[in-house]
Amino acid sequence: MINNREELDILRQTLSKQFEAQKKQIIICAGAGCVSKGAIKVYDKFIQLMKDKNVDFTIKLEEEPHSDQVRIKQSGCHGFCEMGPLVRIEPQGWLYMKVTPDDVEEIIDSTLVKGDCIDRLAYSQDGVIYREQKEVPFYKKQTRLALDNCDKIDATDIREFIARGGYMALEKALFDMTSEGIVAQITESGLRGRGGGGFPTGKKWSQVARQKSTPKYIVCNGDEGDPGAFMDRSVMEDDPHRMIEGMMIAGIACGASEGYIYVRAEYPKAVARLTMAIKQATEMGILGDNVLGSSFSFHLHINKGAGAFVCGEGSALTSSIEGKRGMPRTKPPRTVEHGLFNQPTVLNNVETFANVSNIINNGADWYKSIGTENNSGTKTFALTGNIKNAGLIEVPMGTTLREVIFDIGGGIANGGKFKAVQIGGPSGGCLTEKHLDLPLDFDSLKKVGAIIGSGGLVVMDDKTCMVEVARFFMNFTQNESCGKCVPCREGTKRMLEILERIVDGKGQEEDIDLLLELADTISNTALCGLGKTAPSPVVSTIMNFRDEYEAHIKEKRCPAGACRQLKHYVINKDLCRGCTKCARNCPANAITGEVRKPFTIDLDKCIKCGICITNCAFNAISEV
């Protein structure tokens, strides 16, 4: 139990020395992407072979590590999910990619014993081998602040977080700053909410701080419901104390002694890590009553959401914590005045809280030096879709889309051509080639009808049908509508029906205008942010790819060749040998003919399954 600031400072100095003394390290990425590819098997193989070879190693932070002792550690996400499992060798900083259990013995013998880098496991591009992680193009343009600890520490051990300066900002806020000073520094830094529209964090905190009503609450939104997004999950799983520290500082600033973390139940690892972090911090005296011997007390609770997308909206989230059905309410009053349990509430997302300690430690001017004017700091993005280097990235605000997709992401996968990127999830919009040099910040994206949202980036190539993309997101939003207001409940349903009709080849010429009319009505009359932004993917795809909609409707053709109902299969009479194999395997009995004579396909019966193409030995059947 730590009773005061001095004891924590002494502990930090001791742990920092221990952490730095462990020079030789094998750090295995245990993020979700690498684990799915076998990272734990790689870790277990290291443990087994190190024992077999009598190599002096440890898996924990040791009080007096030997100079030759090797630390084998599972860290959080390194970000480069496409190349997992990832293994970093310290102190050299070498990063090995796509490591398998069969590679482990060579790593021990060549790298640990002889000190040689295994170039075949290092990243290579255009004939150049990049041994060190910091030199790999995927990492070179990144600036990791919120994610800084994720690939360096064992998230299950609070000592490692403290060793790297953890809870130093809490000390400063608690003993060296006033509540007004904290709010002023966060305001001056320009930190904006990282979960949606970018509302100024300092302004929100100041609104809660000046409320007279008590108690007040600090709520962290860890719901993260956007398809393809996993930024907040990585922080909660891999560096939970950073987020907790930010919430505690918000509590000091606003006069709150209770905090709630709302995390979806589909993130069991995040729930487990947060539970462990809260327990460790409480046992140390960093969390709970009389924090570090002060008069400030702060208690944290975890609420597991059931996966409702609408609970990412503030009032729906607080209703869910209260045990009610997660449904938004009309505003005003807003959450800062009447939030959780009808009391003043600070509600920010995980990444927002994860930035707080850096600002308190380094100052507002330091934070403003990163990013662009009115868009300070960095932003994390989940880079997915038709991209070579899929993964989790963090870049300064204002980094262009071109830099993200082509410099960090490595360009389009499988030799494809860039077509669009969906940003901001179901509430966002699509950006096209003309937007490649657009700075990724709140204000620039707003001008082109898009939002950063939580940070999902889904990259699409020229084989992607944009009408189908709009249908996909509308289907998601319609399913997730809480049903409270008619515009969202019924309007999104009508829009989905129209989009389904278009991709099925049954679109009508008035459908495009009808979609835009419905979108305008829903955006202006829906109750909450989910409903108001639900039509955004449809509107942005129409604005940028209207010709694709028209091709589906007027020509009954999908330019990308992706819509199954608009595909047609034909048999080339010159190539068909009449072997009957296609007819015998057709599940719809749509192919007929005589043996040793060309067969034909009845397009009215054809279900476009493609089995005929697969079974034809003479390449006589093609898709048009």
Side-chain angles (χ1 to χ4, degrees), residues 79 133-152 164-173 176-178 180-206 231-232 234-235 239 242-243 245-246 249-250 252-253 348-381 383 392-404 407-408 437-447 451-452 454-455 457:
Q133 176 174 317
K134 64 182 181 180
E135 296 300 325
V136 175
F138 178 82
Y139 293 102
K140 200 157 189 177
K141 286 200 172 184
Q142 293 192 48
T143 301
R144 291 168 72 96
L145 300 181
L147 302 177
D148 182 44
N149 277 340
C150 290
D151 65 339
K152 297 179 177 67
R164 286 186 51 80
Y167 292 114
M168 187 180 290
L170 174 66
E171 284 184 56
K172 186 176 180 181
D176 300 336
M177 302 176 74
T178 63
E180 294 79 10
I182 297 170
V183 173
Q185 186 154 315
I186 296 299
T187 302
E188 177 64 21
S189 73
L191 175 64
R192 296 170 68 172
R194 295 305 197 247
F199 190 83
T201 303
K203 184 176 181 179
K204 181 180 289 187
W205 288 18
S206 68
M231 301 77 61
D232 290 349
S234 294
V235 174
D239 195 10
R242 183 186 292 271
M243 184 195 79
E245 185 175 18
I249 293 170
I252 298 168
N348 287 123
N349 85 319
V350 173
E351 187 183 347
T352 309
F353 284 122
N355 275 284
V356 170
S357 59
N358 274 322
I359 295 171
I360 298 299
N361 282 329
N362 300 302
D365 289 339
W366 166 82
Y367 195 72
K368 286 195 295 185
S369 70
I370 304 167
T372 60
E373 186 177 359
N374 202 37
N375 290 272
S376 306
T378 60
K379 180 71 189 79
T380 61
F381 292 98
L383 195 56
L392 181 66
I393 68 171
E394 184 175 2
V395 294
M397 281 283 194
T399 301
T400 66
L401 190 60
R402 187 184 301 276
E403 290 175 295
V404 168
D407 294 344
I408 298 174
D437 294 311
L438 182 76
L440 291 176
D441 60 52
F442 296 109
D443 302 323
S444 298
L445 288 171
K446 187 176 180 180
K447 291 177 183 177
I451 61 172
I452 284 184
S454 60
L457 282 174

* Asked: Who passes side-chain hydrogen bond (donor to acceptor under 3.5 Å, both in side chains) against Asp239, sequence neighbours left out?
  ->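 With sequence neighbours excluded, Asp239 shows a side-chain hydrogen bond (donor to acceptor under 3.5 Å, both in side chains) to Asn149, Arg242, given in chain and number order.
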Do [X] and [Y] make a side-chain contact, defined as non-hydrogen atoms from C-beta onward lying under 4.5 Å apart?
{"X": "Glu188", "Y": "Lys368", "value": "yes"}
{"X": "Glu403", "Y": "Val395", "value": "no"}
{"X": "Thr399", "Y": "Leu440", "value": "no"}
{"X": "Val356", "Y": "Glu245", "value": "no"}
{"X": "Trp366", "Y": "Asn361", "value": "no"}

Could you state the interatomic distance from [atom1] ([X]) to [atom2] ([Y]), rounded to the nearest 0.5 Å?
{"X": "Thr143", "Y": "Ile393", "atom1": "OG1", "atom2": "CD1", "result": "11.0 Å"}
{"X": "Ser444", "Y": "Asn374", "atom1": "OG", "atom2": "CG", "result": "10.0 Å"}
{"X": "Asn362", "Y": "Ile370", "atom1": "CG", "atom2": "CD1", "result": "8.0 Å"}
{"X": "Ile186", "Y": "Ser206", "atom1": "CD1", "atom2": "OG", "result": "11.5 Å"}
{"X": "Met243", "Y": "Asn349", "atom1": "CE", "atom2": "CG", "result": "10.0 Å"}
{"X": "Arg144", "Y": "Thr380", "atom1": "CZ", "atom2": "OG1", "result": "10.0 Å"}

Indicate the atoms forming the closest heavy-atom contact of [X] with [Y], along with that distance.
{"X": "Met397", "Y": "Asn375", "value": "CB-O, 3.0 Å"}
{"X": "Thr187", "Y": "Val183", "value": "OG1-O, 2.7 Å"}
{"X": "Leu145", "Y": "Asn358", "value": "O-ND2, 3.7 Å"}
{"X": "Ser234", "Y": "Leu392", "value": "OG-CD2, 3.3 Å"}
{"X": "Ala146", "Y": "Val235", "value": "O-CG2, 4.4 Å"}
{"X": "Leu445", "Y": "Ile451", "value": "CD1-C, 4.1 Å"}

Using a 3.5 Å distance criterion without hydrogens, assess whether the side chain of [X] forms a donor-acceptor pair with backbone atoms of [Y].
{"X": "Glu394", "Y": "Thr378", "result": "no"}
{"X": "Thr201", "Y": "Leu191", "result": "yes"}
{"X": "Lys203", "Y": "Phe199", "result": "no"}

* Exercise: do Trp205 and Asn348 side chains pair donor with acceptor under 3.5 Å ->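 Trp205 vs Asn348: donor-acceptor pair found between side chains.
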Restricting to salt bridge (charged side-chain N to carboxylate O under 4.0 Å, His left out), what partner residues turn up for [X], sequence neighbours left out?
{"X": "Glu373", "value": "none"}
{"X": "Lys379", "value": "Glu351"}
{"X": "Asp441", "value": "none"}

* To do: Quick one: do Ile360 and Met177 satisfy side chain to side chain contact (heavy atoms under 4.5 Å, CB included)? Show the steps, please.
  => CA-CA 10 Å; Ile360 298 299; Met177 302 176 74; 4.0 Å; yes
* To do: With sequence neighbours excluded, tell me which residues meet ring-ring contact (aromatic ring centres under 6.0 Å, His included) with Tyr367.
  =>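 By the ring-ring contact (aromatic ring centres under 6.0 Å, His included) rule, Tyr367 matches no residue at all.
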* List the steps and the verdict of side chain to side chain contact (heavy atoms under 4.5 Å, CB included) for Ile249 and Phe353. => CA-CA 9 Å; Ile249 293 170; Phe353 284 122; over 6 Å; no
* Asked: What residue pairs, at least two apart or across chains, pass salt bridge (charged side-chain N to carboxylate O under 4.0 Å, His left out) with a residue in residues 192-201?
  ->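 Sorted pair list: Arg192-Asp443.
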